[in-house]
Number of protein chains: 2
Amino acid sequence: MNDLPHHEQAIELLQEFGLKEYEAKAFVALSRLPEGTAKEISEISEVPRTRVYDAVRVLETKGLVEIQHANPQRFRAVSIDEAAETLRREYEERTDSLRATLRKIEPAAPTEETEITHEVWALSGASAITSRTQQLVDESDREVILVIGDESAYPSELRDRLQAALDRGVSVVIGITDPSLQERVESDLPEAKVFVSALEWLSSSAETGDETVIGRLLLVDRNTILVSSFHESTGDGRDHEQAVFGRGFDNGLVAIVRRLMSTGLLSEMNS
Amino acid sequence: MNDLPHHEQAIELLQEFGLKEYEAKAFVALSRLPEGTAKEISEISEVPRTRVYDAVRVLETKGLVEIQHANPQRFRAVSIDEAAETLRREYEERTDSLRATLRKIEPAAPTEETEITHEVWALSGASAITSRTQQLVDESDREVILVIGDESAYPSELRDRLQAALDRGVSVVIGITDPSLQERVESDLPEAKVFVSALEWLSSSAETGDETVIGRLLLVDRNTILVSSFHESTGDGRDHEQAVFGRGFDNGLVAIVRRLMSTGLLSEMNS
DNA sequence: GTGGGGGTTCACTCAGATAATCACAATAAG
DNA sequence: CTTATTGTGATTATCTGAGTGAACCCCCAC
């Protein structure tokens, strides 16, 4: 994914956790030593010696290093697992706290009502799209049609949600482009209708020349649609998933996909 | 804990997740509306209208808002649970990634060996101290003596670690200053020796005048010691836990505490 | 077609945070 | 006592992000 030296990569990761450059560098340096003095840290980390002290002190308050008060002072990084666990806990608590706080503010002054007919929304990020997918499956009433174009679009949590839908009598139809996935899905959800192919118009993009590949396609109760795609062409090699989300039976997008799906599925099911 | 208006508090929390001020404000504003335009967001969030667009676009790439491409554009925040879940997942992945990356760099150039006799280390933060406590319990061979001075020092995970220690034949002695905790610990760990009081010299700090109160005290195999305390006096009302950690049978600190504990415990057990 | 107004994007300034360097005090060793 | 090393504090440079305004675009009215 990334071809930087490992310690450089670790520094970047640590900065994503809110550490400053010097703090991240100092921690990585300490992770490479059983223990070290300010001088040693400075030498292998490019952090000016006089700034090591501040950095390490901050790290200590965050629970990432220990300090031995001697002369010269000695510093030691906590174990990798301790560090990861400490950070994980920190952010776990923050999400809980955030969730609670957000709940308290929801009530807001409604400006005005607008009647909505063709709502089509864009959202992005695999994680957000996964959440939305699960939520839509959860609220399904009668029918779920799901096309999985990429393995990443079928996390294990989704299986349980689909099973729950089946259990309450929802019809579940699943289309898969990758045959290797078929077995897994069929054994996961024996009650669902699973089929492969007939979806070339989805995956084959060679002749059209566009680099967009469909990730998932979800149609719930013929009423609500979610389509996600990966845009390989857009520069950075990251796998950034984007999606559109539409609701309303008479929504243009929903109508198109409904038509597309039903014809595509019918021809497949008849064969 | 905090007496700010809830939305202010939410903004601060979001910034701790790496969001910029405008991004955090825009998200909170959107959380208060079913949906909104740039103008509406600007009005209730103090974000300059012309910058709402950047902010929201960033939020979209992070999976926190959806965009409706119309004129004017409409924005909508994902549900609270979706947002919290997205952020949680994000940082979960980062900790995993960090853990993996750190493992790859451990090997470093050893500068020189120093023989250590009296190592005493300082570390801080409840989370880090909890991690260390558990690790020490896990590595115990023969005996664990634990004094719990504050309820926060006895998280549920610790019970399992202590039970595991008991199961492998380690002698576990637990001292508690708060009687209300005694029952819980005794039912949690019937095989452990639990006692109260006889520890006034730990908790009562009235006459000494110092504001330090002991949080936990752990002695493992008469060899390794961890003492944590809360410093109420140090200005900010935060409950910042600090600890010292010593290892080595002939370590001065370890020796002192070993003596202190054995006399204290003996008198108690004889009574 | 032409003019006006709202919506959107872009470019720029300024301030605060943070990286980088230096000067000096404290301490230990010789 | 001298000197090298450790630790603290102050100072400067650099950069990011907040704040502001100008320009562009599109739709609609005239």
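Here is the naming used below: chain letters follow the sequence lines, and residue numbers restart at 1 for every chain.
Considering only heavy atoms from C-beta on, R103(A) comes within 4.5 Å of D81(B) through its side chain. Side-chain contact check for Q135(A) versus S79(B): some heavy-atom pair is nearer than 4.5 Å.
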Please list each protein N or O that sits under 3.5 Å from an N or O in nucleotides 3-9 of chain C, with the distance.
unit_1	atom_1	unit_2	atom_2	d
dT8(C)	OP1	Q73(B)	N	2.5
dT8(C)	OP2	Y53(B)	OH	2.6
dT8(C)	O5'	Y53(B)	OH	3.4
dT9(C)	OP1	R57(B)	NH2	3.0
dT9(C)	OP2	R57(B)	NH2	2.8

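Considering only residues two or more places apart in sequence or on other chains, Y53(A) meets the ring-ring contact (aromatic ring centres under 6.0 Å, His included) condition with none of them. Among residues two or more places apart in sequence or in another chain, the ring-ring contact (aromatic ring centres under 6.0 Å, His included) test is passed with Y22(A) by none.
Using a 4.0 Å cut-off between charged nitrogen and carboxylate oxygen, K25(A) and E46(A) do not count as a salt-bridge pair.
Of the residues in residues 15-28 of chain B, those lying under 4.0 Å from DNA chain D by heavy-atom distance are K20(B), E21(B), Y22(B).
In the 5' to 3' direction, nucleotides of DNA chain D lying under 4.0 Å from heavy atoms of chain A begin and end at dT6(D) to dA10(D).
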Practice item. Taking Watson-Crick and G-U wobble pairs with both distances under 3.5 Å, convert DNA chain D into its dot-bracket string, 5' to 3', dots for unpaired and | for cross-strand pairs. Key: ||||||||||||||||||||||||||||||
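If you check the side chains of E60(A) and S124(B), you find a donor sitting under 3.5 Å from an acceptor.
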Exercise for review: Please step through salt bridge (Lys or Arg N to Asp or Glu O under 4.0 Å) for the pair E85(B) and R88(B), ending with a clear verdict.
Suggested key: CA-CA 5 Å; E85(B) 185 60 14; R88(B) 197 193 61 74; 3.1 Å; yes
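Side-chain atoms of R94(A) come within 3.5 Å of backbone N or O of E16(B) as a donor-acceptor pair. Between the side chain of E40(A) and the main chain of T37(A), a donor-acceptor pair closer than 3.5 Å is present. A distance-only check finds a donor-acceptor pair linking the side chain of S228(B) to the backbone of R216(B) [under 3.5 Å]. Within the 3.5 Å criterion, the main-chain N or O of E93(A) finds no donor-acceptor partner in the side chain of S97(A).
Figure legend: R132(B) and F245(B) shown as a cation-pi pair, the cationic atom lying under 6.0 angstrom from the six-membered ring centre and within 45 degrees of its axis.
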